[in-house]
Amino acid sequence: MDHYLGERMTTQPTRQKPRRTLGFALAFTLAVPLGLAPATAQSQPLEPQLPDVDLSAGDVLSFDFGCSGGPVSAGYTEVTESTLYDPSTGYGLSAPVACRDRGSLDDMRRDFVLAGGEEFRVDLPDGDYHVTVISGDAIASNNTLLTVQGEDQGSLQPRGTGEFAEHSLYTTVDDGTLTLQLFNDGRINGLHISQVAPPSEVSLGEITTVPPSVTLDWEELEGAANYTVYRSPADRAEYEALGSVETNTFTDESVELGYSYDYVLTQTSAAGVESGYSVPVRADVVDPTVVAPAAPESLSLGKANRKGTTITWNGGDDVLEYHVYRSLSPDRGFERVATTEQTQYFAEGASEVNYYYTVLAVNAGGVSAQPEPLLTPVTDRGNNSNPFAQCSPDGADAKVQRTGDTWRATNGNQTVLETYSMVEAMQAAVDSLTPGRTEQESVVVRGSGTMPADASVDLPSHTSFSVCGTIHVAGNEGPFSYEDHTGVVRIRHVENVSVPFLSVTGNPNFGVYLRTSSDVHFGQMDLRLSGGHGMRIDSRDDDSVREARNITIDDVYVSGTETHGVETYGVDGLRIGTVTAVNTGHAGLLLNDTVNADIDKVVGDNAAAGTGYAAFRMANRNGQIDGAWPTNIRVGELIAHGGGRGFFCVSESGGLEIEKLEISGSGSNAMLIENCHNITLATDSGVVEGPGDIRISARSEFANTSDITFNNLVLRDTALNENPCGENIQVNNLVLENSEINTCQ
C-alpha cells in the first residue's frame with residue numbers, strides 16, 4: 001500500500017463539519033468519465049418523469065434540449081428553442097433562444113439550444129438536489145459558462161470539436177424553483193436532476209490492531225441499490241473508493257497499524273445516480289494503552305554511488321518498524337518507498353535525481369513525528385556534454401558548475417552555495433547578482449542535471465540566464481494545469497531578461513513561463529518533453545491590456561508536450577525565428593489576443609494529432625486592434641504534416657498574412673477559418689494536400705467571417721468548402737488536382 005506523509009494518527013477522533021452543498025466538475029469526452037468520484041452514471045434508460053411529479057428518493061428527472069422536430073432521447077423530457085416556462089408544466093425557458101442540430105451522435109448530444117443569459121427553470125419541492133449539465137458540440141469547440149441558483153459555476157472548460165463536458169454539483173432549492181443560466185457559447189444538450197441523499201448515522205464499529213481492521217456501520221436508506229465506501233489518509237480529503245456493498249456494514253482490512261483514516265460513504269440509487277459524501281468519520285488504528293515512538297534521530301547519508309544510496313538513523317527500542325519516505329521536494333510530496341525493521345535503508349542503483357528522504361517510526365501506539373529530511377546526491381553522472389556549441393561560461397558574472405555529485409554556485413571568486421540540488425544552485429547564482437541593478441548581469445550553468453517539477457528558477461529584471469547542458473525535470477505524475485505557474489524558467493513582472501540557451505527534458509508543468517514582462521529575448525530553446533506545456537507567454541493579470549511586450553524567440557524546438565508547444569496570450573510585439581513542433585499534444589504555435597507578430601517559420605510534424613487544434617492556431621481576438629484587423633501578423637512559412645489541423649483561426653481573430661504554406665495529411669481540416677477577418681494565404685505559393693479540406697465557417701455568436709483571400713495554391717486531393725457563406729471571400733490562381741472548390745461566389 002502506498003502511503004504519503006500527513007497520515008499520522010491523532011489521539012482523539014474528530015468529525016469534519018458536514019457539507020451542506022457539494023460542488024465539483026467532472027470532465028467527459030463523449031460522456032466517458034475521467035474517473036473522478038462521486039460521478040453521475042445511468043445504467044439503464046429512464047422512464048420520462050414530468051416536473052409536476054414529485055421526485056422520490058433515487059428518481060431522475062431528465063431533459064433533452066434541441067431543435068423543434070428533432071429526436072428526443074428515450075427517458076427524457078423535450079425542451080426546444082421555444083419551450084417557455086409555464087406554471088402548468090412547471091418547466092421552461094425565460095425567453096426564446098436559438099438551437100443547432102448537427103445530425104450526428106446520439107439523440108441527446110446531436111442537438112442543443114444556445115442561451116445567452118436566458119434562464120431555464122424547473123419547479124421542484126424544496127430540498128437538496130444533484131444536478132448534471134451536459135454541454136458540447138459535434139462540429140465546434142465549446143466554452144459555456146454556467147450559473148445554478150445564482151451561483152457561478154465558472155466555465156465548463158473549453159472543449160474541442162466533438163467533446164462534451166458534464167458538470168455535476170449539489171445545490172439547494174428553497175423557493176420551489178431550480179434556475180440555471182448559461183452564457184458565452186451557452187450550449188446545453190441535456191440536464192439530469194435527482195434527489196439522492198448520502199448515508200447518515202455513519203459510525204465506527206470494531207477497530208482491531210492484530211490484525212489491523214476498521215468496521216463501519218450506517219442506517220439503510222430507502223431506494224438505495226448499494227453503498228460505496230471511500231477512504232482518505234486523515235485530514236487529506238483525498239478519498240479513494242474501497243468497494244461497494246448492498247448491506248449497511250463494511251470492514252476495511254487494508255488499514256495499517258498506527259495510522260489514522262477518514263471514511264465517507266455514498267449511496268447509489270436503482271436509477272444509477274450516486275449521492276454526495278456522508279459526514280466523514282475518523283478511525284485511529286492504534287492501541288490506546290501504548291505510547292507512540294519518538295522521531296528517528298541523526299538521519300544521515302552513508303554511501304552514495306552508482307551501486308546505490310544508503311541512509312542511516314538512530315531509533316528506539318519501542319519501535320516495531322520504520323517507514324522510509326522519499327520526495328523531490330523538502331516540504332511536500334513524500335511517498336513511502338520502504339518498510340523495514342532495521343535502522344538503515346539502501347536504495348539500489350544509480351540515482352538520476354536529488355531525493356529528500358525522511359523516516360517515521362511506528363508501533364502500536366501510533367506513528368512518530370517527522371525528522372528533518374535528508375538531501376541525497378545525484379549518482380548517475382549522465383551526459384554532461386554541451387548541447388549548444390556556442391554556449392560558454394566565459395565572461396559570466398555568476399556561474400553554476402557540476403563537479404561529481406555536487407553543484408557549486410560562484411560569483412567571481414566567492415562560492416555562493418554548494419549543494420546536491422541543481423535548482424538550488426541555479427537560483428543561488430541568480431540571487432547573487434547585484435541587487436537593484438539597471439544593466440543585465442549574467443548567469444551561466446555548465447553541466448546537465450535534474451530538478452523537481454514543483455520548482456522554478458525565477459529570473460528578476462536585467463538578468464541573462466544560460467544553461468550549457470540539459471535540465472531534466474522529474475517527479476511530475478499529474479496532468480498539466482494552467483493554474484500551476486511552475487516552470488523550469490519563470491519570468492514574472494520584470495523587464496530586460498534573456499535566456500540565450502536552454503535545453504529541457506522530462507515532464508515540467510511549463511518549460512518556460514512568462515507573465516506580464518517586457519523586453520525578453522529567448523535564444524536557442526530545445527524542449528524535448530514527455531508532458532506539460534512548452535512555452536507560455538502571457539499578460540493575464542489584466543485581459544484589458546497587453547502588457548507582455550517586445551518578446552523575441554530566435555529558435556525553439558518543442559516535442560512531446562501534453563498541451564501546446566508555444567502559446568501567447570495578451571502580447572504586443574512578438575518576433576520569432578522558427579518554431580518546430582513535433583508530436584505536441586495540442587497546437588504547435590498558438591497565438592491568443594496577440595498583435596504585431598512577425599514569425600519567420602512554423603513547422604508542425606504530427607502536432608495536435610487527434611484534436612481540433614493545429615500546427616498554427618490563432619484565437620481570442622488575435623490580431624484585433626481597436627476593433628479592426630489591420631494586417632499585423634506575418635508568417636513567412638507554415639509547414640504542417642500530419643497531426644490535427646494545419647492552420648486554424650477562430651473567435652474574432654485575423655489581420656494575418658502567410659507567404660508560403662505546405663499542409664498535408666492532417667487528421668482534421670487542413671485549414672479551418674471560423675469567424676475571422678482579413679486573412680491572406682499563400683501570397684507567394686502553397687500546397688494543400690488532403691485528406692483534410694479547407695473550410696470557411698462561422699458561428700452565430702460572432703460576426704461572420706470576412707475578407708479572406710486564397711492565392712497561388714495547389715489543392716491536391718482536397719476541397720475548399722464555404723459554409724455558411726462568408727463576406728468577401730476571394731480565390732485567386734488556384735490549381736486543382738483531384739480537388740474542388742465549393743464557395744458561395
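The figures here come from the full heavy-atom set of this structure, side chains too, leaving out hydrogens, waters and symmetry mates.
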Step-by-step side-chain contact (heavy atoms from CB on, under 4.5 Å) determination, Leu204 to Val214: CA-CA 8 Å; Leu204 292 174; Val214 172; 4.1 Å; yes
Any donor-acceptor pair under 3.5 Å from [X] side chain to [Y] backbone:
{"X": "Glu341", "Y": "Glu321", "answer": "no"}
{"X": "Asp252", "Y": "Thr215", "answer": "no"}
{"X": "Ser73", "Y": "Tyr76", "answer": "no"}
{"X": "Asn507", "Y": "Gly532", "answer": "yes"}
{"X": "Asp126", "Y": "Gly176", "answer": "yes"}
{"X": "Asp106", "Y": "Met108", "answer": "yes"}
{"X": "Ser530", "Y": "Gly506", "answer": "yes"}

Any ion pair linking [Y] and [X] (charged N to carboxylate O, less than 4.0 Å)?
{"X": "Asp235", "Y": "Arg282", "answer": "yes"}
{"X": "Asp111", "Y": "Arg100", "answer": "no"}
{"X": "Asp137", "Y": "Arg109", "answer": "no"}
{"X": "Arg540", "Y": "Asp538", "answer": "no"}

Side chain proximity check, Val173 to Gln149, heavy atoms < 4.5 angstrom: yes
Under 3.5 Å side-chain donor-acceptor pair for Arg326 and Thr358: no
Flag for Thr172-Asp128: side-chain donor and acceptor within less than 3.5 Å: yes
is_close_aromatic(Tyr239, Tyr277), centroid dist under 6.0 Å: yes
Ring center gap for His323 and Tyr259 short of 6.0 angstrom: yes
Ser275 and Thr266: CA distance, side-chain angles, deciding distance, side chain to side chain donor-acceptor pair (under 3.5 Å) verdict: CA-CA 5 Å; Ser275 75; Thr266 65; 4.8 Å; no
Parallel under 30°, tilted from 30 to 60°, perpendicular over 60°: which one fits the rings of [X] and [Y]?
{"X": "His485", "Y": "Tyr513", "answer": "parallel"}
{"X": "Phe480", "Y": "His533", "answer": "tilted"}
{"X": "Phe63", "Y": "Phe65", "answer": "tilted"}

Evaluation steps, salt bridge (charged side-chain N to carboxylate O under 4.0 Å, His left out), between Glu256 and Arg336: CA-CA 13 Å; Glu256 289 195 275; Arg336 191 194 300 180; 3.0 Å; yes
Straight-line distance of Asp107 CG to Asp64 CG, nearest 0.5 Å: 7.0 Å
Working for side-chain contact (heavy atoms from CB on, under 4.5 Å), residues Tyr230 and Asp262: CA-CA 8 Å; Tyr230 294 85; Asp262 291 330; over 6 Å; no
Residue pair Glu219, Asn248: steps toward the side-chain contact (heavy atoms from CB on, under 4.5 Å) verdict: CA-CA 6 Å; Glu219 287 190 356; Asn248 62 334; over 6 Å; no
